[in-house]
**Q** 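Here it is, the structure in full.
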Amino acid sequence: MISTEAELRSLIGFPSELVEHKVIPAIDHNCRDFINKSPFVILSTSDSHGKCDVSPRGDAPGFVHVLDDNHLVIPERPGNKRIDTLRNILSNPHIGMEFLIPGLGETLRINGRASITKDMELLKQMAVKERIPLIGIIVEVEECYLHCAKAFFRSQLWKPETWLGKEQLPSPAKIISEHAKIDGATPEVVAARLDDGYKNRLY
């Protein structure tokens, strides 16, 4: 087992000068443009004990609002009410984010400190179909940098010709049914609940 950074460095080496200097402490015009064109962001948080969680957020491009060079806000849309990310933020404000744009291999990574807002004037700006989010996640930005596309080239994520056919995909309803083990929660019942949520409760 590797237990020290020195051991890691002896195997992996050190980043180039370009990589060392690409991190900036605020949202510049390049980052703002990237965020405005991104329909999907992954949030990474942990609680005060270090228990980690990764959670996706998605909406129309630009759904994450840049407030100024050091702050952005993410609307909290209806979900499964587990509120893992939100509970973590209450006990540990540190957050990592990765913004994706379909078809682009490079991603934008932003690290900072998060808080939860219920400022109605702010939240009104993020209403969809006249539905105002109840809360939002405000992030005070500490680091911004572009991440290279190697993972996307290796995975061929954006190449539809490499995707599995629908008949080969895992069944979410079957997985949830077998994991939950609740009487009456058959794959068919779960599938109907999922379908209803996707059609009627996105906002």
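In this chain, numbering begins with 1 at the start of the sequence shown.
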**Q** Give a yes or no on whether Ile110 and Ile101 share a hydrophobic cluster (residues Ile, Leu, Val, Met, Phe, Trp, Tyr; joining criterion: side-chain heavy atoms under 4.5 Å apart).
**A** yes
**Q** Give a yes or no on whether the backbone of Thr4 and the side-chain of Glu7 come within a donor-acceptor separation of less than 3.5 Å.
**A** yes
**Q** Sequence neighbours left out, what passes side-chain hydrogen bond (donor to acceptor under 3.5 Å, both in side chains) with Thr107? Give chain and number order.
**A** Glu98
**Q** Taking side-chain contact (heavy atoms from CB on, under 4.5 Å) as the test, write out the residues that go with Asp196, two or more places apart.
**A** Asn200, Arg201
**Q** Do the side chain of Lys37 and the main chain of Phe34 share a donor and acceptor less than 3.5 angstrom apart?
**A** no
**Q** Not counting sequence neighbours, which residues clear ring pair (Phe, Tyr, Trp, His ring centres under 6.0 Å) with Trp158? List them please.
**A** Phe152
**Q** Can you tell if the side chain of Pro61 reaches within under 4.5 Å of the side chain of Ser38, non-hydrogen atoms only?
**A** no
**Q** Return yes if some donor-acceptor pair links the side-chain N/O of Thr45 with the main-chain N/O of Asn88 below 3.5 Å, else return no.
**A** no
**Q** Under 3.5 Å, side chain of Gln168 to main-chain N/O of Gly165, donor-acceptor pair present?
**A** yes
**Q** At their closest point, which heavy atom of Arg82 faces which heavy atom of Asp84, and how far apart are they?
**A** NE-OD2, 2.8 Å
**Q** Exactly one of Ile182, Val190, Val189 should register a side chain to side chain contact (heavy atoms under 4.5 Å, CB included) with Thr186. Which one does?
**A** Val189
**Q** So which heavy atom on Cys144 is nearest to which on Cys31, and how close?
**A** CB-SG, 3.8 Å
**Q** Do the side chains of Leu108 and Ile42 join up, straight or via other hydrophobic residues, at under 4.5 Å, putting them in one cluster?
**A** no
**Q** Linking I/L/V/M/F/W/Y whenever any side-chain heavy atoms sit under 4.5 Å apart, do Tyr145 and Val19 land together?
**A** no
**Q** Answer yes if Val41 and Ile27 sit in the same cluster of Ile, Leu, Val, Met, Phe, Trp and Tyr residues linked by side chain heavy atoms under 4.5 Å apart, and no otherwise.
**A** yes
**Q** Kindly indicate whether the side chain of Phe14, heavy atoms from C-beta on, has any atom under 4.5 Å from the side chain of Arg9.
**A** yes
**Q** For Ser46 and Asn92: C-alpha separation, side-chain torsions, deciding distance, then whether side chain to side chain donor-acceptor pair (under 3.5 Å) applies.
**A** CA-CA 7 Å; Ser46 65; Asn92 177 5; 3.1 Å; yes
**Q** In the single-linkage hydrophobic clustering (I, L, V, M, F, W, Y; side-chain heavy atoms under 4.5 Å), do Ile83 and Ile116 co-cluster?
**A** yes
**Q** Leu202: which residues meet the side-chain contact (heavy atoms from CB on, under 4.5 Å) condition with it, sequence neighbours left out?
**A** none
**Q** With a 3.5 Å cut-off and sequence neighbours excluded, list the donor-acceptor pairs that the side chains of residues 126-143 form with protein atoms.
**A**
| residue | atom | partner | partner atom | Å |
| --- | --- | --- | --- | --- |
| Glu143 | OE1 | Asn111 | ND2 | 3.0 |

**Q** Supply the atom-to-atom distance Ser48 OG to His94 NE2, rounded to the nearest 0.5 angstrom.
**A** 11.5 Å
**Q** With heavy-atom distances below 4.5 Å as the criterion, would you say the side chains of His29 and Asp33 are in contact?
**A** no
**Q** Do the side chain of Ser44 and the main chain of Val54 share a donor and acceptor less than 3.5 angstrom apart?
**A** no
**Q** Side-chain donor-acceptor pairs under 3.5 Å in residues 62-72, sequence neighbours left out?
**A**
| residue | atom | partner | partner atom | Å |
| --- | --- | --- | --- | --- |
| Asp68 | OD1 | Asn70 | N | 2.8 |
| Asp68 | OD1 | His71 | N | 2.9 |
| Asp68 | OD1 | His71 | ND1 | 3.0 |
| Asp68 | OD2 | His71 | ND1 | 3.4 |
| Asp69 | OD1 | Arg32 | NH2 | 3.4 |

**Q** Is the NZ atom of Lys159 crowded by more than 12 outside heavy atoms at less than 6.0 Å?
**A** no
**Q** Is the number of heavy atoms from other residues, nucleotides or ligands under 6.0 Å of Tyr203 OH greater than 12?
**A** yes
**Q** Please indicate whether Arg87 has more than 12 foreign heavy atoms, meaning atoms of other residues, nucleotides or ligands, lying under 6.0 Å from its CZ.
**A** yes
**Q** So, taking the atom named CG in Leu123 and the one named CD in Glu76, what distance separates them when rounded to the nearest 0.5 Å?
**A** 11.0 Å
**Q** Measure the shortest side-chain to side-chain distance between Arg57 and Ser55 over non-hydrogen atoms and say whether it is less than 4.5 angstrom.
**A** yes
**Q** Taking the side chain as C-beta and beyond, is there a heavy-atom pair between Met97 and Arg109 under 4.5 Å?
**A** no
**Q** Can you find a pair of side-chain heavy atoms, one from Asp53 and one from Asp47, that are under 4.5 Å apart?
**A** no
